[in-house]
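Here is the structure we will look at, set down as structure tokens.
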Amino acid sequence: MIEFANVTKEYDNQTALKDISFSVGKGEMVFITGPSGSGKTTLLKLIYVADKPDTGNISVAGWDTDQIKESSIPFLRRNIGIVFQDFRLLANKNAFENVAIALRIRGVGEKEVKTRVYESLKTVNLRHKSDSFPKSLSGGEQQRVVIARAIVSEPTVLLADEPSGNLDPDTAEGIMRTFKDINAKGTTVLIATHNRELYRNSGRRVIKLNSGILIGEEIG
Ligand SMILES: Nc1ncnc2c1ncn2[C@@H]1O[C@H](COP(=O)(O)OP(=O)(O)O)[C@@H](O)[C@H]1O
Ligand SMILES: [Mg+2]
């Protein structure tokens, strides 16, 4: 589903990733861990082609990100759900509308949009906040709406960057449960985190980065 072959990425003399190779099979849930600055975010960004590697190859859901035409990138991204700090909610739209966007851009009909958005908000326990605007939601609630938006389209791949950032432990646990549920339905899930609590006793693969180098792998 996702394959990195000898991937190196530098930002003005700063090596973010160095000769990284690994693969993640369809339906796996895998953690990427390492201290701040170790290259976790860069690795996820290369998967949804926010950036391209300097050397090496990456394939995602059958697309070779090296060969992909600029005009095809949106099609690749339609297969990817993204939970990132940079992908905030639109302030002028309520929770329902923020989640609905993910379906409307895919041309889903209004009736189905309604069913699926409510279902998705229910999954993150926010059905009752459908009409709320981001500014009246707590940080954790906003994060859960972002997750609802990422899962509503039932993506092939779900990428989450530090999903527990600014969440209390109970909320973080609920979010992990949501990720496991969507994974159980067949979505391949990749979670970048420096928070050990997220993968401890998970029984899942944990890929360890340090200074842009893949230093090992363990089972959480
Ligand atoms: N856009 C960028 N411009 C310059 N340096 C960057 C950029 N993005 C990341 N880096 C550098 O690459 C390294 C890895 O960063 P990042 O992937 O964000 O690590 P992590 O997510 O593990 O904290 C860091 O040294 C960081 O400063
Ligand atoms: Mg990061």
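Remember, it's 1-based here, ligands and their atoms both numbered in the order they're listed. Worth knowing before you read on, the calculation uses all heavy atoms, side chains too, and leaves out hydrogens, waters and symmetry mates.
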When you measure from atom 18 (O) of ligand 1 to every protein heavy atom, which one gives the shortest distance, and what is it?
Thr41 CB, 3.7 Å
Of the protein's non-hydrogen atoms, which lies at the shortest distance from atom 12 (O) of ligand 1, and what is that distance?
Ala16 CB, 3.4 Å
Looking only at N/O atoms, are Asp12 and ligand 1 under 3.5 Å apart anywhere?
no
Do Val157 and Leu190 have side-chain heavy atoms sitting under 4.5 Å apart?
no
Using 2.8 Å as a strict upper limit, say whether an N, O or S atom of Thr41 approaches the Mg ion (ligand 2) that closely.
yes
Side chain, backbone, both or neither: the part of Ala192 lying under 4.0 Å from ligand 1 by heavy atom:
neither
Would you kindly specify which portion of Gln14 sits under 4.0 Å from ligand 1, judged on non-hydrogen atoms: side chain, backbone, both or neither?
side chain
When you measure from atom 13 (C) of ligand 1 to every protein heavy atom, which one gives the shortest distance, and what is it?
Gly37 O, 3.7 Å
Backbone N/O of Ser211 and side chain of Ser38: donor-acceptor pair under 3.5 Å:
no
4.0 Å protein heavy-atom contact status of atom 26 (C) of ligand 1, strictly under
no
In short, Leu46 meets Thr65 closest at the heavy-atom pair O-CG2, 4.4 Å
So for Gly212, does at least one of its heavy atoms come nearer than 4.0 angstrom to any atom of ligand 1?
no
Measuring only between side-chain heavy atoms, which start at C-beta, is Phe22 closer than 4.5 Å to Leu43?
yes
With rounding to the nearest 0.5 angstrom, report the CH2 to CG distance, Trp63 to Asn79.
7.0 Å
Mark yes or no for whether Ser59, through its side chain, and Asp64, through its backbone, hold a donor-acceptor pair below 3.5 Å.
no
Atom 22 (O) of ligand 1: which protein heavy atom is closest, and how many Å away?
Lys40 NZ, 2.8 Å
At a 4.0 Å threshold, what atoms of ligand 1 neighbour a non-hydrogen atom of Pro35?
22 (O)
Tyr11-ligand 1 polar pair, N/O distance under 3.5 Å
no
Taking 4.0 angstrom as the limit and counting only heavy atoms of Ser36, give me the atoms of ligand 1 inside it, by number and element.
23 (O)
Give a yes/no on ligand 1: does Gly34 have at least one heavy atom closer than 4.0 angstrom to it?
no
Output yes when a side-chain donor or acceptor of Ser120 lies under 3.5 Å from a complementary backbone atom of Ala148, and no otherwise.
yes
Got the closest protein heavy atom to atom 15 (O) of ligand 1, with its distance?
Thr42 OG1, 3.9 Å
When you group the ILVMFWY residues by side-chain heavy-atom contacts below 4.5 Å and let the links chain together, are Leu126 and Ile182 in the same group?
yes
With a 6.0 Å cut-off (strictly less than), is the heavy-atom count around CZ of Arg104, excluding the residue itself, greater than 12?
yes
Parallel, tilted or perpendicular: rings of Tyr48 and Phe84 (30°, 60°)
perpendicular
Taking only heavy atoms of Ser38 into account, list the atoms of ligand 1 that are under 4.0 Å away from them.
19 (O), 20 (P), 22 (O)
In short, Gly56 meets Asp66 closest at the heavy-atom pair O-OD1, 4.4 Å
What residue and atom, counting heavy atoms only, is the protein's closest point to atom 19 (O) of ligand 1, and at what distance?
Gly39 N, 3.1 Å
